[in-house]
Amino acid sequence: MMIDEGNPDIFPILYDQNCKLCKMHEFTDEVCEPGFGRNDADILIVSRMPNSPTYQELIEQELMAAGIELERCFFTAVVKCRSFDQDPGRKGIKTCAENYLLREIEALKPKFILGFGNEALSALTGHSGIMKWRGRVEEKYGAKVLITVSPASVTRNPGQKGAWQADLQLFASTINGYTDGLQPPKISIVNTKEKLIKLKQLLYKAELIYYDIETHGQDEWDAKGGIVSLAGTMVVNKSIKTWVIPLHHPESPFRKDWQKVLLYLKPALEGIPKQIAHNGKFDAKWMRAYGVMMKVTFDTLLAAHLLDENRLKGLKPLGRMLLGVAPWGIDTKDLWNQPLRPILNYNCLDTFYGYHIYLILREQLIAQPRLLRIFTLLTMPANEKLIEAEMRGHWIDRERLATATKIAFDMRDEIDRQLMEFVPDIPLTEGSMGTGVPWPKMGKKQKYAEVNFNASNWMRWFMFDWLEFPVIERGKKKEDGSLGDPSLAEATMIQLKDLYPDHPVLKLLEERSKWQKYCSTYVSRYSEIIDENDRIHTVFKLAGTVTGRLSSGKEDEEKISARKDRGRGVNLQQVPRDPFIRGLFGAPPGWTFVEADFGQIEFRIAVFISRDANGLRLIRSGVDVHLEMAAKMTGKPKSQITPQERKAAKPVNFGYLFGMWWKKFMKTAKEKYGIDFTEEAAQQSRRDFFDMYPGFVRWHNRQRRIVNEYGRVQSPIGRVRHLPDIFSADKMVHDEAERQAINSPVQSFASDMCALSMILIDNEFKRRGIQGHVLALVHDAINFEIKNEDLARALPIIKRIMENLPLKKKFGVDLDIPIVADIKVGSHWGDAKELTDEQVYNFAKYYDEFVEERIAA
DNA sequence: AGTCAGCGCGCG
DNA sequence: AAAGCGCGCGCTGACT
């Protein structure tokens, strides 16, 4: 320790070497280790437990690197007793913090507090969830408090190091002030008619705008909601101007005619060539809902994610890291009831800093031409298509939904009724039923549990205590090291059913979980959010995954409130394949639902990348690779393979392709397919796979070599996956990064092919005036709705484009393997029928066979 | 009454 | 030697 300890006698009263407030004193060499540093320190550094010399050194190094003077720091810990093999538990942490840490803070009165790890987070702020709360500056104890992840987790996952250092930078800037930040802009508040007229004139001349809106209400269709304000930073004649218009807010002069204000500016706004925003899909959707057809030509969130898929993508973290600007902002919840002026100011700052972030990201993309190509040819055009798809929504058959809802609830309720016959009929107030088996009590108040056939503690009691089924598997070990709860997962139920094939309770439960999930996640959810045009909406994220795949769901803000106002978004990528659910989705009368999916695309891409000779041969001759594997595994001729054997071969192909080990194969074969493999047979299946595709071994080794050397891998078109965890000292973390290095380029390329297909197909539809719309992207499939009379023209376009993507022309990739797009059509998703090539290319001949003429109700 | 993590399961 | 990869969401039970 380099620093002068000052006067160590100032705190002696705080620490108690005989402390027995928790059990930690039994497991440590030094009970209640004191903090250290100068007694006049104004910075308090809080770790989980007293640091080992290694971590102390690491922390000091990084603090100095960030520009924090160690002489001003006092180091301490949440839990004062250090032990590597004993967990203090939630209670221990709380007790220790209340008795020592909080008193240290009282005595020291620091101006700045830095906490490392989840324990510091909960002890200092009362929050939990380190990944959510890290990197925020809060006012507490008369100090500025910032929590970041622990040095231990950074060492274990080197991928976190960048963000960790950024957090330390933020802490340093909080102490030392922001030296490199931009001067905030001069803001013009457009709150009179005259100013509006002037703004419109300037907008006509603007070559670029970075825009942002603040909103209030559940979504853009919420009749009670609206756009609170619209801000822009624009470039007019080489000069930058930042402005904001107050709109739908009680203090706004335009509160009554704010929609007219937007329409007044509409032609000027729409004509601006470069329209930039952060997560601009959100802003564009709102603006379009009120008639202003804003575009997003460059999205700073999407650019940031493409450049580094692991980074924090919010505007504030980017401002901090790219511009050195202090986090700005207000609480954006319920803007209607907040004073207007701070909202306007905040709205402006978003666009001003966003514009400067744009300038930097743009340069970074230009410096990496392959990423720039992906951005301009894939990311931004896909974003436009998704705006349209999200606004349109996916048609749902309202009648079928009503029927299905009734059936699903009836089925579940009937199963519950039958299950109740096995539940002992005793008053809940009695603790035991004369069997020595107590009816379970719940929580601190020791209330008697209510019957609950979901995965609840009552259910655990019912299955394992009352009915005395054997415990097959347990969940994660508890904090105190005790056994985990008995598992109620479907997989263990299947195993129980093997042991007791005729037990009526097991039979009932097998059916119940399906209906329960259908009720909660699907039918009742769809009923909640179906709109007046019989459509449900999703929010696709182009920056929702590390591989470039899309994710589907709802806006982040809508996830926060769990119960009421659950938001309108629904995940379109997890709709059960069961026709009972997929049969609810479809196309309205006069239109037909079309699903086009890439057949075995990941397998084909793996063959393309690895150049495996046998794989190339099989694909080029159009062989069914799963059937091939089944034949290899069973030693039978292909003609004698049963459907079940082929089904079992599928996980072999996809699992081993991406680095699965035989034990996991054995487990999934048993749990998912109910097929028993001996250890020998499972090991043999893995050997069979790599015997069949020896090129995959070389490809796996190559990916491992690349990621170990460069810490990153690339897809064929140059999408980058950064894998800093490859530098972890932890073998499991390292190995995981190796498997990700194998999987990522394949998954990335497949999803980019799908996105490109969506863009090109939609362009072609528009060019030819075909009435057809993209509804959803489901990873390697695209859902469309197409006007019946245009089907014969549309289907060949879809198939031709997907099977002949211009990858050579656009990305310099010569995809020299056959790609197959399977086309299904029908009135509904669940009963869409697959077409042969002949039927696709001559659809007019088959129209009557596949198209059902329906009349709108 | 709201928040959060863990679990389990829907999809590719 | 040996933990396929990538997601979102509902429910429970613990907490504030």
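In this text, all values refer to a predicted model and were calculated from it rather than measured experimentally. Quick note on labels: first sequence line is chain A, next is B, and so on, each numbered from 1.
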For B:dG8, does either OP1 or OP2 sit under 4.0 Å from a side-chain N or O belonging to A:Ser487? yes

Check this for me: does any side-chain nitrogen of one of A:Lys313 and A:Asp556 sit under 4.0 Å from a carboxylate oxygen of the other? no

Less than 4.0 Å between a side-chain N and a carboxylate O, is that true for A:Arg698 and A:Asp612? no

Given C:dG6, is OP1 or OP2 found less than 4.0 Å from the side-chain N or O atoms of A:Lys541? no

Exercise: do A:His734 and A:Asn708 side chains pair donor with acceptor under 3.5 Å: yes

Which part of the nucleic acid, if any, lies within reach of A:Lys731 when heavy atoms closer than 4.0 Å are counted: base, sugar-phosphate only, or nothing? base

Ignoring the backbone of A:Gln740, work out which of B:dG10, C:dC5, B:dG12 is nearest its side chain. C:dC5

From the set C:dG10, C:dC7, B:dC9, return the single nucleotide nearest to any side-chain atom of A:Ser551. C:dC7

Counting any heavy atom closer than 4.0 Å, what does A:Gln747 reach on the DNA or RNA strands: base, sugar-phosphate only, or nothing? base

Establish, with yes or no, whether the OP1 or OP2 oxygen of C:dA2 is under 4.0 angstrom from a side-chain nitrogen or oxygen of A:Arg686. no

Look at the side-chain N and O atoms of A:Arg582 and state whether any lies under 4.0 Å from the OP1 or OP2 oxygen of B:dC11. no

From the list B:dG12, C:dA14, C:dG6, which nucleotide is the closest neighbour of the side chain of A:Asn457? C:dA14

Looking at the side chain of A:Arg739, which of C:dG8, C:dA3, C:dG6 is the nearest nucleotide? C:dA3

Under 4.0 Å, heavy atoms only, any strand: does A:Val546 hit a base, just the sugar-phosphate, or nothing? sugar-phosphate

Under 4.0 angstrom, heavy atoms only, what part of the nucleic acid is A:Glu490 near: base, sugar-phosphate, or nothing? sugar-phosphate

Taking OP1 and OP2 of B:dG10, is either one under 4.0 Å from a side-chain nitrogen or oxygen of A:Asn571? no

To the nearest 10 degrees, what angle separates the axes at the start and end of the helix from B:dA1-C:dT16 to B:dG12-C:dC5, five pairs each? 10°

Looking at A:Glu736 and A:Arg739, is any side-chain nitrogen of the basic one under 4.0 Å from a carboxylate oxygen of the acidic one? no

According to a strict under-4.0 Å criterion, is A:Gln573 in side-chain N/O contact with OP1 or OP2 of B:dG10? no

Taking only the side-chain nitrogens and oxygens of A:Arg525, find out if one of them lies under 4.0 Å from OP1 or OP2 of C:dG10. yes

Partner residues of A:Thr545 under the side chain to side chain contact (heavy atoms under 4.5 Å, CB included) criterion, sequence neighbours left out: A:Thr547, A:Arg549, A:Ser551

Rounded to whole Å, CD of A:Gln516 lies from P of B:dG10 at a distance of 12 Å

So, does A:Asn452 get its side chain near the phosphate of C:dC11, meaning an N or O under 4.0 Å from OP1 or OP2? no

Give A:Lys94 one of three labels, base, sugar-phosphate or nothing, depending on what nucleic acid heavy atoms sit under 4.0 Å from its own. sugar-phosphate

